[in-house]
Each structure stands twice: as C-alpha cells, then as structure tokens.
Amino acid sequence: MIDVNSLKKRFGSNEVLKGITTKINKGEVIAVIGPSGSGKSTFLRCLNLLEKHDEGSIKIEGSDIRSMEVHLRKKVGMVFQHFNLFPHLTVLENVTFAPQQVLKVGKKEAEKDALELLSAVGLSDKADSYPSNLSGGQKQRVAIARALAMKPEVMLFDEPTSALDPEMVKEVLQVMKNLVKTGMTMVIVTHEMGFAKEVSDRVLFMDDGRLVEDQDPAIFFENPRTERAKAFLEKVL
Ligand code: ADP
Ligand code: MG
C-alpha cells in the first residue's frame, strides 16, 4: 500500500532521514520506535506530505505522493501528540469540519457519521462540549474520531499517548486496539513498548535517520539483531 524507497530529508544541512526503504502492506500495524531525534516524526510527516522529502520516493497504491496532494489527505489520517483540535469548535464540529470542507459531505450526513464515530470512541455525551472542557484522553479520542471521519485507508499516529497523564493512556490505547481489529492499516510512533509488542505486525527501529531494524516484534523485543536496538531497549524496558 505504501512503498518508501531511499527516502531522504534535510533541514538545512542537517540530514534527518538518511535513506529509508520499507513497504507498508494493507492491514498491517507498524510500530515505529527509536530514540528522540532519530527522525520518527519527520518520517511520518513525509508520509502525509506535511514535510516534502528531498530524495527518494513515496508511493501510495502505486502513485507518487507528490502528485496527489488533495487526494492524499483523504487517504492518510494523522493523530498528533498534542491533539491539535480546533479550540473554537465543539467536539461535533471538530469531527464534521473536514468531511464537509474537503469531501463536500452534507451537514446532516457528516453529523450522523460523526456521532457514530464519537460513540465508537466512547464520547457520545461530549458532542457539544469544547476541547477546553475535555481531559487529555478525551481530546485524543476526539482527534482519532476526527481523523477517521475522513474515511482514511491509513492512520498515522505520532506518540498519541506521550502527552497524557498515565491514567488516560489506557483509554486511548484501547481505542487504537479497537481500530486494529477493524483491519485498519496503521503506522504508530510510540514509546509504549508493551502496546507495540502486543498489537504490531512489524517494528521499525530508527536511529539517527536510518531504519536500523525492520523486524517481527517477537524477535525485536526478545532478541534484537543490532547493538543499537539492544542498547535502546535496555534503556526503555
Ligand atoms: P523524533 O520524532 O524521532 O524525535 P524528529 O523527526 O522530530 O525526531 O527530528 C529529527 C531531527 O530533525 C531532529 O534533529 C530535529 O531537531 C530535526 N527537525 C525536525 N523538524 C525540524 C524542522 N521543522 N526544522 C528543523 N529541524 C527539524
Ligand atoms: Mg517525534
């Protein structure tokens, strides 16, 4: 579904992606793991055209990502560490905004879809609340519903639980687990190693702009092949 070939990205003279090559298959759940500054967020942002890569290619279902900007927005949903909800819109308006603006869905239909999604993330009763009146876990669940409202084929998550108080991590991970069960293709940057081990089909371990291991999670967590992955896991586990 996504074909990444020799992907490079620089910020000025700082090369932060140094040639990433991997494939993401339909229905796969990929955990992206690695130290801070290793290029995980930049990699995800390139997959969603939030950053433009300098060299190499990204193809989504065979089409070059650079030739499909508007089209791509509908295919790839993204959830950020800091939620990025629209503060001046209600929960329902947050979820219905993009389907109406981008997909030109009518208001009634967008609201019907949104209420179903809010129910699926356990927030039916918050439709008319504003983000400022929600907990972090609730905000992140709205952000997931909002991304799903665009009916994406792939969901990207950039440390979706890192900004949450510990007691709220579980509710967000549970929503993500439910999404895994639907067969959604997911790429998840996370420091939740237990979660990554439990739900992922593959682990991408990044270090210093390189994809150091592209590995089965059972092998990665029990017996990583590289010294760099071993050293990282010793620090975080
Ligand atoms: P990670 O998500 O693994 O912590 P990032 O992809 O955020 O890593 O960052 C990788 C490197 O790219 C870091 O050195 C960071 O400072 C740099 N970087 C990220 N975004 C920008 C940007 N917009 N401008 C300049 N440098 C950036
Ligand atoms: Mg990051």
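As the structure is a prediction and not an experimental result, all values here were calculated from the model. Whatever order the structure lists them in is the order used to number ligands and atoms, beginning at 1.
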Under 2.8 Å from the Mg ion (ligand 2), how many protein N, O or S atoms can be found?
-> 1
Would you give me the side-chain donor-acceptor pairs under 3.5 Å for residues 212-221, sequence neighbours excluded?
| residue | atom | partner | partner atom | Å |
| --- | --- | --- | --- | --- |
| Glu213 | OE1 | Gln215 | NE2 | 3.3 |
| Glu213 | OE1 | Arg225 | N | 3.4 |
| Glu213 | OE2 | Arg225 | N | 2.9 |
| Glu213 | OE2 | Thr226 | N | 2.7 |
| Glu213 | OE2 | Thr226 | OG1 | 2.9 |
| Asp214 | OD1 | Arg202 | NE | 2.8 |
| Asp214 | OD1 | Arg202 | NH2 | 3.3 |
| Asp214 | OD2 | Thr22 | OG1 | 2.9 |
| Asp214 | OD2 | Arg202 | NH2 | 3.2 |
| Asp216 | OD1 | Ala218 | N | 2.9 |

Pick one: which of Leu85, Leu123, Leu118 meets side chain to side chain contact (heavy atoms under 4.5 Å, CB included) with Val91?
-> Leu118
Remaining members of the apolar cluster that contains Leu89, side-chain heavy atoms under 4.5 Å = Phe86, Phe97
Can we say [X] and [Y] salt-bridge, meaning some charged N sits less than 4.0 Å from an Asp/Glu carboxylate O?
| X | Y | result |
| --- | --- | --- |
| Lys9 | Glu55 | no |
| Asp64 | Lys59 | no |
| Glu109 | Lys112 | no |
| Arg141 | Glu171 | yes |

Kindly tell me which protein residues have any non-hydrogen atom under 4.0 angstrom away from an atom of ligand 1, grouped by chain and ordered by number?
-> Phe11, Asn14, Val16, Pro35, Ser36, Gly37, Ser38, Gly39, Lys40, Ser41, Thr42
Keeping the roles fixed (side chain from Lys104, backbone from Gln101), state whether a donor-acceptor pair exists under 3.5 Å.
-> yes
Rounded to the nearest 0.5 angstrom, the CE-NZ distance for Met206 and Lys40 is 7.5 Å
